[in-house]
2 protein chains.
Amino acid sequence: MLLAPREGALHVLVDKPLRGSAHLPWVSPRGGETLPTSARLLARRTAGAEPGWMEQLQAFGDQLKHPGSASVSVAYVGVISAPAADGRTARGAAWVPVAHAGLAGRHAAILESALDTMRVRLDHAPVAFKLLPPTFTLSELQRMYELLLGWTLHKASFRRSLQAAYLVEPTDEWRSEGRGRPAQLYRFAPRKRRQSRRGVRFDVLGH
Amino acid sequence: MLLAPREGALHVLVDKPLRGSAHLPWVSPRGGETLPTSARLLARRTAGAEPGWMEQLQAFGDQLKHPGSASVSVAYVGVISAPAADGRTARGAAWVPVAHAGLAGRHAAILESALDTMRVRLDHAPVAFKLLPPTFTLSELQRMYELLLGWTLHKASFRRSLQAAYLVEPTDEWRSEGRGRPAQLYRFAPRKRRQSRRGVRFDVLGH
DNA sequence: GCAATTAGTAGCCAACTGAAACTAAAGTCA
DNA sequence: TGACTTTAGTTTCAGTTGGCTACTAATTGC
């Protein structure tokens with residue numbers, strides 16, 4: 001499943017057949033390919049670009065047909081940066097906003113769970129950074145996070161925790177975007193720091 | 001991969017062949033079984049009991065042999081409560097402490113990653129509660145968390161966040177364990193509450 | 001009665017977080 | 001030129017969280 005931030009909304013790449021409902025792109029891997037390679041090839045073929053970040057989601061066991069020969073689908077999520085996603089997509093494939101994906105029941109559930117997983121991974125992998133150019137303004141970074149998360153963040157808090165984590169460093173360049181004060185450009189430059197052992201977060205054990 | 005808290009330490013169930021190094025139990029599913037069913041059957045066969053909690057970890061693509069026929073291994077983690085794990089294990093299978101599992105390189109890496117994943121899920125699924133009897137003392141609950149996490153927690157903080165999350169409710173029973181003050185028994189009774197939208201946790205984006 | 005042991009609570013302090021209000025630097029337009 | 005708008009970035013404050021120490025409570029063993 002491929003996601004891309006386009007025109008201020010998160011989009012998902014779907015296959016729209018001439019008749020029948022939309023579904024997610026899939027492929028049956030050829031011999032000699034590893035799973036991640038297959039997924040990347042599928043991305044390149046359907047979206048015309050390689051994802052900036054990609055991770056395995058889950059394996060689904062379809063009906064197993066013969067003893068010993070299991071039929072398993074392995075789902076991946078990938079995210080493609082906006083400019084790369086503007087390349088040409090495969091015939092029949094189209095970017096649609098995740099809010100109006102119009103997928104059938106099962107595929108809609110996969111999409112929901114994929115979004116949840118991607119949002120959790122956002123805390124652990126530099127997904128947002130891979131979707132931005134090498135240097136970016138902090139407002140761009142925040143807008144990217146908000147787009148991926150689907151909700152808004154507070155500017156001061158966002159910058160404070162970013163500062164505290166030593167993830168970015170300022171360059172000496174500034175960018176003027178027309179109106180408003182020019183913004184300083186930053187680059188992703190994480191510095192190692194010891195991970196503190198947190199307690200248990202009972203509050204997210206939601207039901 | 002099956003885990004169980006036994007004698008104050010987290011144990012993992014390994015297959016110990018007569019010669020060669022230990023490895024994790026595995027199975028090639030029969031026709032007509034779904035993936036979770038296969039995993040539960042494997043658990044019952046090797047550990048003699050069903051896990052109280054089980055989730056899919058990851059799929060590994062081994063070398064794909066023929067076009068169209070992919071060979072994929074799907075890894076699961078499960079956790080079995082202490083009494084259930086004391087049943088009879090399959091021939092050649094044995095519970096060993098995770099700290100001294102003595103697995104070969106690739107399997108050792110899988111174990112490490114499985115533990116990490118399980119510890120993250122601990123915040124999101126009632127893993128610890130499924131490993132305890134229906135009623136339990138708060139000290140038992142804390143010890144279970146510490147055992148699964150592998151580090152100690154602070155009593156007061158633990159109880160405070162547990163209280164704030166409305167996850168347990170007190171019964172009117174008390175248990176005396178020999179020496180010391182008797183402990184009140186609690187039961188797992190999560191009450192719904194709206195999930196607040198947290199900001200971004202840059203601090204866990206470790207490298 | 002008194003020490004030892006385990007359960008449970010109170011309160012302090014530092015760190016974190018959300019919100020609002022502020023300053024700063026640019027463009028727009030009369 | 002100078003008020004107004006827009007975006008960037010900082011400061012401050014108050015409320016919450018989380019780790020820690022120190023306390024009280026109830027039981028057994030001697």
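All of these numbers come straight from a predicted model, not from anything done at the bench. Sequence lines set the chain letters: A, B, ... in the order given, protein chains first and strands last, and positions in each chain run from 1. These values consider heavy atoms only, across backbone and side chains, with no hydrogens, waters or symmetry-generated copies.
- When all heavy atoms of A/P5 and A/I80 are compared, the closest pair comes out as CD-O, 3.2 Å.
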| request: Starting from the C-alpha separation in whole Å, work towards a yes-or-no answer on side chain to side chain contact (heavy atoms under 4.5 Å, CB included) for B/V168 and B/R187. | output: CA-CA 6 Å; B/V168 297; B/R187 77 166 62 88; over 6 Å; no
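- One can place CG of A/L141 at 12 Å from P of D/dA8, the figure rounded to the nearest angstrom.
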| field | Test log, rule side chain to side chain contact (heavy atoms under 4.5 Å, CB included), inputs B/F60 and B/V72 | value | CA-CA 6 Å; B/F60 298 93; B/V72 172; over 6 Å; no
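- Atom pair A/R159:CZ and D/dA8:P shows a separation of 7 Å (rounding to whole Å applied).
- Both B/A183 and B/A156 lie close to DNA chain C; mapped to their nearest nucleotides by heavy-atom distance, the more 5′-ward contact belongs to B/A183.
- Here D/dT10 presents its C1' atom at 13 Å from CG of A/L138, a figure rounded to the nearest Å.
- Counting non-hydrogen atoms of neighbouring residues, nucleotides and ligands closer than 6.0 angstrom, the CZ atom of B/R175 exceeds 12 such neighbours.
- Taking each heavy atom of B/L138 and B/F158 in turn, the nearest pair found is O-CE2, 4.1 Å.
- Per the geometry, CD belonging to B/Q163 stands 16 Å off C1' belonging to D/dG18, to the nearest Å.
- The CZ atom of A/R143 sits 9 Å away from the C1' atom of D/dT7 (whole-angstrom rounding).
- Regarding A/R175, its CZ atom lies at a distance of 16 Å from the P atom of C/dA26, rounded to whole Å.
- Considering only residues two or more places apart in sequence or on other chains, A/Y186 meets the ring-ring contact (aromatic ring centres under 6.0 Å, His included) condition with none of them.
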| said: Across nucleotides 23-30 of chain D, 5' to 3', mark each nucleotide with B, S or - according to how protein heavy atoms within less than 4.0 Å reach it. | reply: --BBBS--
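- B/Q184 comes within 4.0 angstrom of the backbone, heavy atoms only, and of no base.
- When heavy atoms are screened at a 4.0 angstrom cut-off, B/S157 is found touching base atoms of the nucleic acid.
- In this structure, the CZ atom of B/F158 is 19 Å from the C1' atom of C/dA10, given to the nearest Å.
- By the 30° and 60° cut-offs, the orientation of the rings of B/F129 relative to B/F188 is parallel.
- Whole-Å rounding puts the A/E173 CD to D/dA8 C1' distance at 17 Å.
- Mapping B/K155 and B/R160 onto DNA chain D by nearest heavy atom places B/R160 closer to the 5' end of the strand.
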